[in-house]
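Right, one structure below, let's go through it.
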Protein chains: 2
Amino acid sequence: MSNGPCDTSGMADTPGPAEPSLEEQIAAYQREFQGLDPQVERVVSALSRLNRRMNVAYGRQTTELGISNAEWEVLKALVLAGDPYRLGPGDLAKRLGLTPAAMTHRIDRMVTEGLVTRERDETNRVRVIVGITEEGRDKWLDGLRMATVFEEELLQDLSGEERGQLGEMLTRLLRRVEEAQPDAGGRLSDLD
Amino acid sequence: MSNGPCDTSGMADTPGPAEPSLEEQIAAYQREFQGLDPQVERVVSALSRLNRRMNVAYGRQTTELGISNAEWEVLKALVLAGDPYRLGPGDLAKRLGLTPAAMTHRIDRMVTEGLVTRERDETNRVRVIVGITEEGRDKWLDGLRMATVFEEELLQDLSGEERGQLGEMLTRLLRRVEEAQPDAGGRLSDLD
DNA sequence: GCTTCGAAGTTTAGAGTTGAAGTCTTCAGG
DNA sequence: CCTGAAGACTTCAACTCTAAACTTCGAAGC
């Protein structure tokens, strides 16, 4: 299963200078560019690294399920859509932040893998309806269970109060950037 | 300039059900799967969405410079590496978290665009050395300046104390996931 | 009813990445 | 020396995504 952007094998990882640590990177920024607020830099860099690590973790989990992160995202969108658990390719593309063309191919794969179904709408034959199969729903649930374990582990060092503060601050940041960027914004590895 | 995973054009974005808001998504999770801690869910989802938005913003900035996020990352790695500002393709691949093959192609492009140079090491002719050009360094600096403006805007709602708390908590999370995941971890949209 | 416009999906060409295989260089033995 | 193994980079085929052209169907407008 070629696993989208989540495989970690095949990379150069023998000896030599690896990726600099967060501290090293902040120091290097200070060295090369005066006038950079280290506090801001720390928040932004940590955010970005954290996200990368989380996606690696999710990638390992979905690989274990025999699917890719990309496919799990489709399943998630269908489940979270609610009751009939069916959406058109266009809707899916919008929710996942990719082009309709990409959606077409993704659905092709997932249909052959038995994760979703594709049928034409009888009342409007231009429309296509994608539905989740039982197997698809099971995979989604398995993935979610693994994710919650990982997430609880990730946050284990934070007290309940800290978790609340963190969530509140992140939500505030998100609100700020969403109003500056009203459009849905392009793809780029979510999985939330 | 086809801009890696950062273009926002061409996506389906007309009417209809767009991406659910963070609140809607958390509610949907609660509905479909009992036993999910909403506090954890909020942190994780906000983190992920925030990162996506940030990458969209960075993508717009680098597009304005006539390069891609991917290329800017290579420039960043070279600058942050310090004094001779030169690294081998293998090192670069490790630092950016992609395969050597991808690095080869990326360097190809960047050489023809005049952003970096590629020469063979005289003392060990298996080795290749990639260096940054003056134009490359200028682009990096321009990108960094734009990024700092955006980042300051992003954090404008947080007091100095809050920024410190946020950075500290994120660093703690990062430390936790890094020790659980000692390898550098695969690609997946950084840019920090 | 026929035509035109728009919306929804699919198809096609090209960019970028991965994983595996291949090339070339260096180094350690025999 | 010559050989074999390991390392560094490149090449190749397959895959996924984007952007743009294309196809089809439905809704108006005349």
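This one's a predicted model, so the numbers in the text were calculated from it and none came from an experiment. In what follows, chains carry the letters A, B, and so on, assigned in the order in which the sequence lines appear, proteins first and then strands, with residues in each chain numbered from 1.
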Requested in this report: Report the residues that fulfil side-chain hydrogen bond (donor to acceptor under 3.5 Å, both in side chains) with B/E23, sequence neighbours left out, ordered by chain and then residue number.
Outcome: B/R42
Query raised in the report: Which pairs count as ring-ring contact (aromatic ring centres under 6.0 Å, His included) when at least one residue sits in residues 110-132 of chain A, sequence neighbours excluded?
Result: none
Query raised in the report: Are B/E179 and B/R175 ion-paired here, with the side-chain N under 4.0 Å from a carboxylate O?
Result: no
Can you pull every protein N or O that's under 3.5 Å from an N or O on nucleotides 11-13 of chain C?
none

Query - Integer-rounded Å distance: D/dA8 P and B/L92 CG - result: 14 Å
Report summary line: Which of D/dT16, D/dT18, D/dT10 is nearest the side chain of A/L98? It is D/dT18
Query raised in the report: If only side-chain N and O atoms of B/R127 are considered, is one of them under 4.0 Å from the OP1 or OP2 phosphate oxygen of D/dT10?
Result: no
Report task. To the nearest Å, give me how far apart CD (A/E73) and P (D/dC17) are. Result -> 10 Å
Between the protein and nucleotides 25-27 of chain D, list the N/O to N/O atom pairs that are separated by less than 3.5 angstrom.
residue	atom	partner	partner atom	Å
D/dG26	OP1	A/R125	N	3.3

Requested in this report: With sequence neighbours excluded, give me every ring-ring contact (aromatic ring centres under 6.0 Å, His included) pair touching residues 145-181 of chain B.
Outcome: B/Y58-B/F150
Query raised in the report: Separation of B/R106 atom CZ from D/dT10 atom C1', in whole Å?
Result: 17 Å
Query raised in the report: Atom CD1 of B/I107 to atom C1' of C/dG16: distance rounded to whole Å?
Result: 14 Å
Report task. Starting at atom CG of B/D121, determine the distance to atom P of C/dT25, rounded to an integer number of angstrom. Result -> 13 Å
Report task. Starting from P on D/dT18, measure out to CG on A/L96 and report it in whole angstrom. Result -> 11 Å
Query raised in the report: Excluding sequence neighbours, so at least two apart, what forms side-chain contact (heavy atoms from CB on, under 4.5 Å) with B/S159?
Result: B/E161, B/E162
Query - Residues in side-chain contact (heavy atoms from CB on, under 4.5 Å) contact with B/R127, at least two apart in sequence or another chain - result: B/D121, B/N124
**Report entry** Partners passing side-chain contact (heavy atoms from CB on, under 4.5 Å) against B/L65 (at least two apart in sequence or in another chain)
**Finding:** B/I67, B/K139, B/D142, B/M146
Requested in this report: Please list all pairs passing the ring-ring contact (aromatic ring centres under 6.0 Å, His included) test where one or both residues lie in residues 82-109 of chain A, with sequence neighbours left out.
Outcome: none
Query raised in the report: With a non-hydrogen cut-off below 4.0 angstrom, is A/R120 in contact with a base, only sugar-phosphate, or nothing?
Result: nothing
Close N or O pairs between protein and nucleotides 1-3 of chain C (under 3.5 Å):
none

Report task. Kindly write out the residues that satisfy side-chain contact (heavy atoms from CB on, under 4.5 Å) with B/A27, not counting sequence neighbours, or none if the list is empty. Result -> none
Query raised in the report: Separation of A/N69 atom CG from D/dC17 atom C1', in whole Å?
Result: 16 Å
Query raised in the report: If you look at every strand shown and take non-hydrogen atoms under 4.0 Å, does A/R109 touch a base, only sugar-phosphate, or nothing?
Result: sugar-phosphate
Query raised in the report: Taking only residues two or more places apart in sequence, or in another chain, which ones meet B/Q30 in a side-chain hydrogen bond (donor to acceptor under 3.5 Å, both in side chains)?
Result: none
**Report entry** Derivation of the side chain to side chain contact (heavy atoms under 4.5 Å, CB included) call for A/R53 and B/L173
**Finding:** CA-CA 10 Å; A/R53 297 291 189 156; B/L173 295 190; over 6 Å; no
Query raised in the report: Can you tell me how far C1' of D/dA19 sits from CE of A/M103, to the nearest Å?
Result: 18 Å
Query raised in the report: With a 4.0 Å cut-off, would you call A/K76 and B/E32 a salt bridge?
Result: no
